[in-house]
> 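Okay, here's the structure, questions in a sec.
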2 protein chains.
Amino acid sequence: MASTAPATAPSDAGAPGNMADVRRNNLALVLGRVVQSPAGFHLTRAQLAAATGLTKASVSSIVLDLLDAGILREVGLSRQGERGRPGVGLELNPSRGVMGMEINVDYIAAGVTSLSGELVVKEVRERDNRDSASGAVMSALAELASGVRLAASALGVDVLGGGLAVPGLVEPGSSTVTVAPNLGWVDTKLDVARLLPSVPLGVSLFNEANAAALAELAHSPHGRDFLYISGEVGVGGGLVLNSELFTGPEGNAGEVGHIVVDPEGAPCSCGGTGCLETVAGQDAIFSAAGITVKGRTRTESMADLLGALAAGSPAALTAVQQAGRALGVAVASASRVANVRAVVLGGHFAVLDQWLHGPLLESLAKYAPGALSPEHVMTSTVGDAGALLGAAGSVVRALVEAPHRLQA
Amino acid sequence: MASTAPATAPSDAGAPGNMADVRRNNLALVLGRVVQSPAGFHLTRAQLAAATGLTKASVSSIVLDLLDAGILREVGLSRQGERGRPGVGLELNPSRGVMGMEINVDYIAAGVTSLSGELVVKEVRERDNRDSASGAVMSALAELASGVRLAASALGVDVLGGGLAVPGLVEPGSSTVTVAPNLGWVDTKLDVARLLPSVPLGVSLFNEANAAALAELAHSPHGRDFLYISGEVGVGGGLVLNSELFTGPEGNAGEVGHIVVDPEGAPCSCGGTGCLETVAGQDAIFSAAGITVKGRTRTESMADLLGALAAGSPAALTAVQQAGRALGVAVASASRVANVRAVVLGGHFAVLDQWLHGPLLESLAKYAPGALSPEHVMTSTVGDAGALLGAAGSVVRALVEAPHRLQA
DNA sequence: CAAGTTAGTTTATCGCTTGAACTATATAAG
DNA sequence: CTTATATAGTTCAAGCGATAAACTAACTTG
């Protein structure tokens with residue numbers, strides 16, 4: 001059902017609305033249009049008025065606020081019509097940026113993007129974080145972030161806030177990692193604020209797959225609705241519906257790695273049985289393909305697997321095909337539950353796509369015919385930096401949706 | 001992630017906000033509090049001001065509008081404090097109501113509830129709608145609805161609008177049934193408006209399981225987040241998250257009947273393989289239990305099954321236990337995808353609960369340990385009339401969220 | 001019956017959008 | 001070079017809804 005949306009929804013649902021809410025809404029409306037405009041094309045106040053439906057007077061007043069807050073910048077004159085006074089172009093202030101950070105199993109990373117999403121600086125440091133105390137990892141990351149922030153500053157970009165992506169479940173709205181199996185963290189409260197001392201927008205925490213999903217949303221033509229499936233040691237997922245990340249009441253929605261794909265299957269690290277991860281996770285594929293893991297890095301093992309596939313190893317081919325079929329079952333079930341219409345494969349699923357793709361589509365056609373068209377099963381276009389870009393992008397997105405947070 | 005909600009969201013997302021939106025928001029806020037108040041307990045303006053955070057002046061003005069619109073009514077004096085001037089109690093106008101209607105395989109039904117959800121009149125007419133043209137069914141229903149409307153009118157209840165529930169997929173926001181397998185309808189546009197000529201709120205169309213889910217939400221203590229699973233000829237579902245029906249981008253979310261529970265399973269009417277419905281649908285259970293369907297009504301066959309279960313028939317017991325285990329697998333997968341935390345079983349699942357319950361919980365513990373606590377697997381408390389009550393309730397809900405639609 | 005207490009209304013003020021009038025700056029025509 | 005026309009952006013009065021404070025209303029207590 002498409003019930004009439006509530007007329008206004010103040011920041012806290014169920015709170016009184018007043019004129020400040022109207023202003024916040026319209027600030028976001030105008031700023032949102034600027035963000036959506038193609039790079040290099042600068043909208044004018046008059047065009048914003050036409051696009052948003054606001055009057056020129058309101059747009060002028062709103063733009064003034066956004067200029068004062070340092071979010072927008074005027075950029076010369078814009079000639080598009082033949083006659084009449086030229087308008088003044090507006091763009092996101094290129095001297096403001098946000099930091100994306102990532103903690104993963106074998107590295108930490110930090111990077112700064114401008115508000116328009118361009119990567120300005122990025123640094124990755126290899127570090128074995130497996131079973132490392134969270135405090136030690138955070139200290140190393142704080143140091144890395146500090147350096148990256150200085151580098152951005154030297155390039156004239158001021159960091160307004162940051163986002164951190166971790167490979168684990170995150171309690172929504174808090175800085176707590178409920179569980180990160182591959183890091184060995186359980187109910188770990190992270191002091192994210194110290195990564196970026198005294199930034200106006202603070203630092204937020206994200207699940208890695210969710211962040212990567214948002215990066216695909218922002219940087220790729222996958223549409224407004226898709227399920228991102230991240231293939232790492234674990235199998236994670238990020239569900240994007242109507243251009244919004246759907247996290248569910250506890251923040252655990254989209255955990256596609258633990259959909260049951262075989263009731264007779266193997267036990268899973270989550271305590272369940274026959275989860276997708278037990279067939280399509282990296283360890284499962286390596287093991288089924290007969291690839292050695294011990295004493296080798298994941299990158300090396302993956303290279304071995306690709307070699308075996310290229311050489312036509314039956315074990316390797318079967319392992320990957322099985323993973324593809326299991327993905328098809330999982331996607332079939334997910335499409336029923338959440339009306340998923342498109343799938344984006346990331347991590348090792350993107351790497352193995354040429355072997356996975358066929359079995360996945362066959363399996364999908366068998367278990368949920370008509371639910372997704374084959375061309376809606378795609379691979380990631382953002383790649384490695386997805387989690388980092390997504391974490392940074394989420395901070396920008398939050399700013400765009402609530403620009404008043406940066407006002408004096 | 002729990003990003004900051006947009007400050008205001010005018011009726012059309014991306015539309016300018018103005019002070020009328022603030023008013024709409026606050027009308028809904030005040031009215032929502034009145035609706036939430038326990039039956040028989042009448043809030044006063046002063047209490048509403050305290051509860052909503054609005055000032056007394058604003059509440060007075062808003063209540064005046066709601067009285068003028070005929071949505072609220074003043075009801076004597078309310079003494080709760082010891083001292084001071086007594087407040088004037090407010091309640092939903094009992095002379096206004098909405099109609100819920102239902103088309104199902106072997107009957108049509110119509111009933112009127114007051115705005116507070118009490119059933120005033122209800123009439124059910126047996127009718128075999130299987131493979132009946134939609135126009136003929138709608139004509140019969142229009143006649144039934146007209147009579148029920150008159151009966152309600154005679155009792156002093158004026159019908160403001162209506163909701164119709166059908167056992168099929170409904171295109172959100174339209175009056176089109178995409179597919180209703182058990183009625184034999186495909187892409188059928190229904191002229192719902194003629195069911196209730198000239199009502200101010202019109203007539204909306206709902207999926208049966210979704211409507212029933214909303215009825216459970218309104219009339220039962222199941223909480224704000226649950227998956228309702230309806231056991232009928234088909235297996236349907238309604239996903240309630242944060243007290244909202246979650247329908248997904250195409251309106252097909254919660255279609256739990258076609259989650260894959262056995263990749264080696266039987267073909268399904270949806271074209272898929274091993275769907276929940278192939279194990280736990282009514283026909284599947286009857287067939288596995290060796291119950292005759294031909295020449296008998298569904299009610300009779302169900303009575304036969306209950307008899308067989310009571311008599312300890314191994315085939316019947318096994319059939320129902322298998323259905324329970326399949327439900328466990330489906331719930332496990334659904335809990336991963338949409339972070340479902342509770343399940344409400346309706347239709348034949350409620351009837352068979354004493355045999356289903358154990359196998360379902362065992363299966364759930366095997367496939368998704370810790371995802372749902374056992375006490376969060378519940379049975380429907382609304383029963384038969386769920387779809388009808390839910391359809392009516394949805395209309396009330398839409399009115400509460402946008403009361404200005406009833407203003408002059 | 002006066003004092004105290006709570007309910008609800010009245011009034012002045014503020015902030016934000018709106019629409020119309022106005023100013024500013026360009027191109028095109030004479 | 002001047003004038004007409006077209007478009008961009010600002011200014012200003014008006015309207016509306018929320019707020020806060022003052023005020024009126026109605027009841028209890030002593």
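So that the names make sense, note that chain A is the first sequence line, chain B the second, and so on, each numbered from 1. Only a predicted model underlies this, so the values are computations on that prediction, with no experimental measurement involved.
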> Measure CG/B:L48 against P/C:dA7 and give the value in whole Å, please.
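That distance rounds to 12 Å.
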> Taking only side-chain nitrogens and oxygens of B:S60, does any of them come within less than 4.0 Å of OP1 or OP2 of C:dG8?
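For B:S60, the contact criterion (side-chain N or O under 4.0 Å from OP1 or OP2 of C:dG8) is not met.
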> Return the CZ to OG distance between A:R96 and A:S116, rounded to the nearest 0.5 Å.
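Going from the CZ atom of A:R96 to the OG atom of A:S116 covers 14.0 Å.
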> When the nearest nucleotide of DNA chain D is assigned to A:G89 and to B:S61 on a heavy-atom basis, which residue is associated with the more 5' position?
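The answer here is A:G89.
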> Side-chain N or O of A:R23 versus OP1/OP2 of C:dT17: is the shortest distance under 4.0 Å?
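The answer is yes; a side-chain N or O of A:R23 sits under 4.0 Å from OP1 or OP2.
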> Check whether any side-chain N or O of A:N26 sits under 4.0 Å from OP1 or OP2 of C:dC16, and answer yes or no.
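No, because none of the side-chain N or O atoms of A:N26 sits under 4.0 Å from OP1 or OP2 of C:dC16.
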> Provide a list of protein-nucleic acid N or O atom pairs under 3.5 angstrom, restricted to nucleotides 26-30 of chain C.
none

> To the nearest Å, give me how far apart NZ (A:K56) and P (C:dT17) are.
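To the nearest whole Å, that distance equals 17 Å.
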> Give the rounded distance in Å between these two atoms: CG of B:N25 and C1' of D:dC16.
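For the pair B:N25 CG and D:dC16 C1', the rounded distance is 16 Å.
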> Please work out if B:V59 contacts a base, only the sugar-phosphate, or nothing of the nucleic acid, heavy-atom cut-off 4.0 Å.
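B:V59: no heavy atom of the nucleic acid under 4.0 Å.
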> For B:L164 and B:A391, work out which heavy atoms get closest and say how close.
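Nearest pair, atom of B:L164 first, then B:A391: N-CB, 4.1 Å.
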> Is the distance from OP1 or OP2 of C:dG19 to the nearest side-chain N or O of A:T55 less than 4.0 Å?
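Negative; the distance criterion is not met.
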> What is the distance from CZ of B:R24 to C1' of D:dA18, rounded to the nearest Å?
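Nearest whole value for this atom pair: 16 Å.
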> Would you mind telling me which of C:dG8, D:dG9, C:dT18 lies closest to the side-chain atoms of B:P16?
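It is C:dT18.
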> Judged by each residue's nearest nucleotide on DNA chain C, which is more toward the 5′ side, B:R45 or A:M19?
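Going by which nucleotide is closer to the 5' end, it is B:R45.
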> Using a strict cut-off of less than 4.0 Å between a Lys/Arg side-chain nitrogen and an Asp/Glu carboxylate oxygen, indicate whether A:R24 and A:E401 qualify as a salt bridge.
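Between A:E401 and A:R24 there is no salt bridge, as every charged N stays at least 4.0 Å from the carboxylate O atoms.
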> Rounded to whole angstroms, how far apart are CG on A:L64 and P on D:dA8?
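Value for this atom pair: 19 Å.
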> Enter the distance from A:E244:CD to A:L217:CG here, rounded to the nearest 0.5 Å.
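A:E244 atom CD to A:L217 atom CG measures 9.0 Å (nearest 0.5 Å).
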> If you take all heavy atoms of A:V240 and A:R224, which pair is closest and at what distance?
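Answer, listing the atom of A:V240 first, then A:R224: CG1-O, 3.5 Å.
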> Take atom CG of A:D21 and atom C1' of D:dC16, then tell me their distance rounded to the nearest Å.
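After rounding, the reported distance stands at 16 Å.
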> Picking from C:dG15, D:dG9, D:dA18, which would you name as closest to the side chain of A:T44?
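In terms of side-chain proximity for A:T44, the closest of C:dG15, D:dG9, D:dA18 is D:dG9.
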> To the nearest Å, how far apart are B:L29 CG and D:dG17 C1'?
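The distance from CG of B:L29 to C1' of D:dG17 comes to 14 Å, rounded to the nearest Å.
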> So do the side chains of A:V98 and A:V112 get within less than 4.5 Å of each other, counting heavy atoms only?
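Answer no - side chains too far apart.
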> To the nearest 0.5 angstrom, please state how far the CG atom of A:L214 sits from the OG atom of A:S394.
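One finds 4.5 Å between CG of A:L214 and OG of A:S394.
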> Could you give the CG-to-P distance, from A:N18 to C:dT17, as a whole number of Å?
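So the CG-P distance, A:N18 to C:dT17, works out to 12 Å.
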> Can you tell me how far apart CG (B:L195) and CZ (B:R149) are? Round to the nearest 0.5 Å.
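So the gap between those two atoms works out to 11.0 Å.
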> For the side chain of B:A57, starting at C-beta, report the closest nucleotide among D:dT19, D:dG9, C:dT17.
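Output: D:dT19.
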